[in-house]
Amino acid sequence: MNENSLSNENIEWDSVIGQQKKRLNFNFGEIWKYRDLMTLFVKRDIVTVYKQTILGPLWFVIQPLLTTLMYLLVFTNIAGIKTGAVPPILFYMLGITLWNYFSETLNITSKTFIDNASVFGKVYFPRVVLPISKSISGFVKFLIQFSLFLVIWLYYVFIEKSIAPNIYMLLAPLFLFAIVVMGFSFGILISSLTTKYRDLMFLVSFGVQLVMYATPVIIPLSGVHGKKRIIFLLNPLTSLFEGFKSGFLGSGLVEWKWIGYSVGFTVILLFVGIASFNKIEKKFIDTV
Amino acid sequence: MSKDLAIRVENVGKQYRLGQVGTGTLSHDLKRWWALTRGKEDPYLKIGVENDRTKKADSDYAWAVRDISFDVHQGDTLGIIGRNGAGKSTLLKLLSRVTSPSTGTIKIKGRIASLLEVGTGFNPELTGRDNIFLNGAILGMTKKEIASKFDEIVEFAGVQLYIDTPVKRYSSGMYVRLAFGVAAHLEPEILIVDEVLAVGDAEFQKKCLGKMSDVAGHGRTIIFVSHNMQAVQTLCKTALYLKAGTAVEIGRTDKVINNYLSREVKNRVAVSWDNNEDAPGNSIVRLLAAELKVANESNNITIESDIVVRIDFMVLKQMNINLSLHLNSATGICIFNVITQSLPLAAGHHTGILRIPGNLLNDDIYSINLMFVKDTSSVIYQFGDLLTFEVTEGQRNVNWFGKWEGAIRPSLDFSLI
């Protein structure tokens with residue numbers, strides 16, 4: 001036995017279970033090995049949603065279109081909220097598309113452990129593959145919805161000539177990335193916090209709804225004044241949404257101070273999310 | 001020697017909390033967190049009862065497995081045996097990284113795939129084809145590997161016609177065959193298998209076991225958990241015997257299985273009462289002793305054994321008496337009820353003998369209920385669970401190892417002409 005444990009030192013173990021890993025250990029190599037699984041998960045998410053429907057993926061577009069029309073009716077026609085120089089339809093459509101991507105990423109990743117307990121309880125793969133693939137399938141959906149926006153947008157840019165896009169458009173992918181990373185990080189953080197005590201879950205969907213009203217989805221930041229404006233700006237989503245919108249719609253706040261705040265917030269949140277996710281993923285199956 | 005190690009398990013333990021998650025667990029969690037942040041040990045790892053499910057626990061914690069250490073070499077086939085609750089499934093969960101141990105470490109060399117269930121992650125909406133890829137990827141295969149095995153899997157499962165139909169339209173048999181097909185074509189260095197063989201029809205079980213011994217033949221390491229001694233015996237070179245969460249023995253399969261059977265099978269094959277006063281009964285009859293003997297010399301009762309049951313009793317008042325004996329299976333089904341002739345028995349000592357021939361009972365746990373009957377009509381006295389015994393599987397000369405169906409298992413003349 002002794003001899004064994006001596007020569008044991010030269011064995012290169014592929015994995016050691018039960019040793020305390022570093023908290024922020026994010027094993028990219030392992031996740032890369034499972035990239036096929038990730039793409040298959042994405043495919044599954046996209047394909048299964050509208051199985052046995054006649055319109056199929058068209059539903060991805062119909063949904064935000066109807067929401068936009070409803071917003072136009074309620075907020076523009078009835079409540080009379082002004083969207084500045086921007087045509088309300090573009091303002092709402094872009095806002096809704098971005099917001100949907102953020103909130104769906106957050107909602108679905110926040111249920112990572114609880115929804116997938118039956119799979120996680122039977123087989124090992126890096127748990128984080130699931131929330132990542134959910135974020136990617138959300139992106140595919142976003143692209144479909146965004147292209148609908150682009151069609152209408154092109155009409156307003158070239159035929160109506162009522163809006164002037166600007167150079168910040170080039171930064172749009174970065175703003176989008178920051179938005180989705182924030183949704184993802186919040187999601188996995190909540191997911192880790194709710195495996196044992198589920199109390200927090202009840203607050204999440206309510207909280208997300210509430211935050212929407214403090215994000216320039218319905219009201220542009222330019223229409224908010226005084227203390228409310230500070231609240232809007234303290235919401236890290238605000239400057240990212242405004243930045244994304246300003247590139248396409250030509251109006252919106254792009255202030256580096258606030259963008260820096262949002263990005264910093266996102267990075268910290270990401271680290272906190274990963275740390276708690278890593279800590280929980282090893283044992284959550286016992287308590288979920 | 002240690003160079004070709006595939007798995008090393010060192011002092012592994014797994015503790016579970018009993019009861020529900022609620023405010024009680026919160027206070028323990030806070031204490032644990034406080035201890036850990038001060039750099040102390042987890043206070044709750046020191047306590048906990050052993051995993052005996054029948055007893056009421058006097059602690060909030062139980063150890064499903066405790067202090068287990070063993071090595072598995074590359075190319076070994078290890079069978080894990082033990083009663084229900086011995087910790088087999090927990091150990092498999094730990095080995096397949098579904099959960100982590102509370103204490104100790106497990107070191108693994110090589111790619112590991114675990115089959116704790118067939119068809120994990122199958123999506124009913126997706127077609128057979130899509131599910132093969134998805135399930136394969138969940139089990140750790142790459143797209144390329146699956147594509148190269150695709151035709152084999154479809155053929156193994158026998159679902160060529162339905163491959164582009166959603167699996168929710170499949171019969172349950174097709175579903176399981178497809179799921180096992182994917183699993184069987186995995187090529188990991190280490191394969192962990194729970195009792196998935198319990199599903200499917202006989203032909204399919206045979207296919208699965210054949211596939212598993214194929215895999216083992218190719219120098220890959222297999223860890224197999226089963227209640228089925230026959231399958232363990234055939235598939236595994238070494239066996240690990242678990243009892244109440246601790247390892248009792250690891251070694252050559254036949255030796256370990258023998259020890260397991262002789263230790264775990266709780267037969268009460270003899271009872272007797274020395275003192276007439278204590279003897280169960282009433283003013284008419286009293287039981288003195290009951291004994292069950294096997295004709296062959298060994299202690300194990302197998303399905304081939306001829307069994308003799310002897311009952312000694314005292315009659316206090318002369319009357320017409322007969323014995324009536326019920327043999328019940330573990331699930332409480334009466335397998336048979338036999339009676340003696342009714343005789344006017346004089347006061348004094350009498351004996352009843354029942355011979356149960358071999359090749360009649362199936363492998364199961366049986367208990368004997370005894371009745372004394374007066375005038376072949378009214379019960380004078382009855383005694384439940386007088387004797388209990390387990391009949392185990394003998395040598396099977398077929399290639400199928402599943403549970404043999406049937407309340408009884410007679411050897412009838414059934415032949416091809």
Side-chain angles (χ1 to χ4, degrees), chain A residues 1 3-21 30 33-45 47-52 116-127 129-130 133 195-199 279-288, chain B residues 1-3 5 7-10 12 14-17 21-22 25-26 29 69 71 93-117 120-121 123-126 130-131 133-146 166 189 194:
Chain A
M1 195 60 211
E3 217 174 301
N4 260 357
S5 34
L6 278 177
S7 49
N8 177 22
E9 302 305 315
N10 356 340
I11 303 184
E12 276 203 21
W13 300 102
D14 290 322
S15 47
V16 177
I17 307 168
Q19 253 172 12
Q20 206 60 43
K21 273 196 285 184
E30 199 185 17
K33 269 192 211 160
Y34 281 86
R35 63 191 179 280
D36 283 343
L37 179 62
M38 225 177 313
T39 51
L40 285 164
F41 273 145
V42 172
K43 192 181 161 200
R44 176 195 68 179
D45 290 343
V47 172
T48 52
V49 175
Y50 296 117
K51 274 265 162 158
Q52 289 198 4
N116 298 291
S118 62
V119 173
F120 286 165
K122 294 297 177 191
V123 66
Y124 174 82
F125 53 85
R127 276 33 177 144
V129 162
L130 249 168
S133 66
T195 55
K196 195 161 188 182
Y197 303 105
R198 299 192 179 172
D199 307 53
K279 185 166 184 279
I280 295 294
E281 68 168 0
K282 284 178 282 173
K283 287 191 179 172
F284 85 96
I285 204 73
D286 305 334
T287 52
V288 73
Chain B
M1 187 62 183
S2 62
K3 254 186 196 153
L5 269 184
I7 299 175
R8 162 159 286 172
V9 175
E10 286 171 323
V12 162
K14 178 73 185 173
Q15 191 188 48
Y16 281 104
R17 192 174 196 296
V21 171
T25 53
L26 186 61
D29 282 348
S69 306
D71 288 346
K93 275 190 176 171
L94 294 172
L95 285 170
S96 44
R97 298 179 73 179
V98 164
T99 182
S100 349
S102 312
T103 60
T105 52
I106 298 170
K107 295 169 180 168
I108 294 165
K109 183 163 177 56
R111 200 167 77 153
I112 195 162
S114 55
L115 277 181
L116 303 189
E117 174 189 74
T120 308
N123 190 308
E125 299 289 343
L126 293 178
D130 290 341
N131 268 313
F133 279 95
L134 184 62
N135 187 231
I138 286 178
L139 293 172
M141 283 198 271
T142 63
K143 247 185 197 164
K144 230 175 99 189
E145 284 174 291
I146 305 165
E189 279 124 8
D194 203 351

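The chains referred to below are lettered A, B, ... by the order of the sequence lines, with proteins before strands, and numbering in each begins at 1.
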Participant: Quick check for you: to the nearest 0.5 Å, what is the distance between B/L126 atom CG and A/L40 atom CG?
Facilitator: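 Interatomic distance, B/L126 CG to A/L40 CG, rounded to 0.5 Å: 9.5 Å.
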Participant: Contact part of B/F133 toward chain A, heavy-atom cut-off under 4.5 Å: side chain, backbone, both or neither?
Facilitator: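 Both parts, heavy atoms under 4.5 Å.
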Participant: Under a 4.5 Å heavy-atom cutoff, which of A/K33, A/R127, A/K122 has the most pairs with chain B?
Facilitator: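 Going by pairs under 4.5 Å, I would pick A/K122.
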Participant: To the nearest 0.5 Å, what is the distance between CG (A/L130) and CD1 (B/I138)?
Facilitator: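 The CD1 atom of B/I138 is 8.0 Å from CG of A/L130, to the nearest 0.5 Å.
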Participant: Mind checking whether A/K43 and B/L134 have side chains closer than 4.5 Å, heavy atoms only?
Facilitator: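 Contact flag for A/K43/B/L134 side chains = no.
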Participant: Between B/S114, B/G110, B/S102, B/G136, who has the most heavy-atom pairs with chain A when the cutoff is under 4.5 Å?
Facilitator: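 Highest number of heavy-atom pairs under 4.5 Å: B/G110.
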Participant: Which atoms of A/Y34 come close to chain B, meaning under 4.5 Å heavy atom to heavy atom: side chain ones, backbone ones, both, or neither?
Facilitator: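 Contact with chain B is through the side chain of A/Y34 alone.
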Participant: Given B/N123, which of A/V47, A/T48, A/D45 fulfils the side-chain contact (heavy atoms from CB on, under 4.5 Å) condition?
Facilitator: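 Passing option: A/T48.
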Participant: NZ/B/K144 to CG/A/D36 distance, rounded to the nearest 0.5 angstrom?
Facilitator: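 If I round to the nearest 0.5 Å, the distance is 10.5 Å.
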Participant: At a heavy-atom separation under 4.5 Å, does B/L94 approach chain A through its side chain, its backbone, both, or neither?
Facilitator: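 When you check distances to chain A, only backbone atoms of B/L94 fall under 4.5 Å.
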Participant: If you count every heavy atom of other residues, nucleotides or ligands that lies below 6.0 Å from B/K93 atom NZ, does the total exceed 12?
Facilitator: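 Counting other residues, nucleotides and ligands, NZ of B/K93 stays at 12 neighbours or fewer.
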Participant: Can you tell which part of B/L95 gets under 4.5 Å to a heavy atom of chain A, answering side chain, backbone, both or neither?
Facilitator: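 Only the backbone of B/L95 comes within 4.5 Å of chain A.
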Participant: B/T142 versus chain A, heavy atoms under 4.5 Å apart: side chain, backbone, both or neither?
Facilitator: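 Backbone plus side chain of B/T142, per the 4.5 Å heavy-atom cut-off to chain A.
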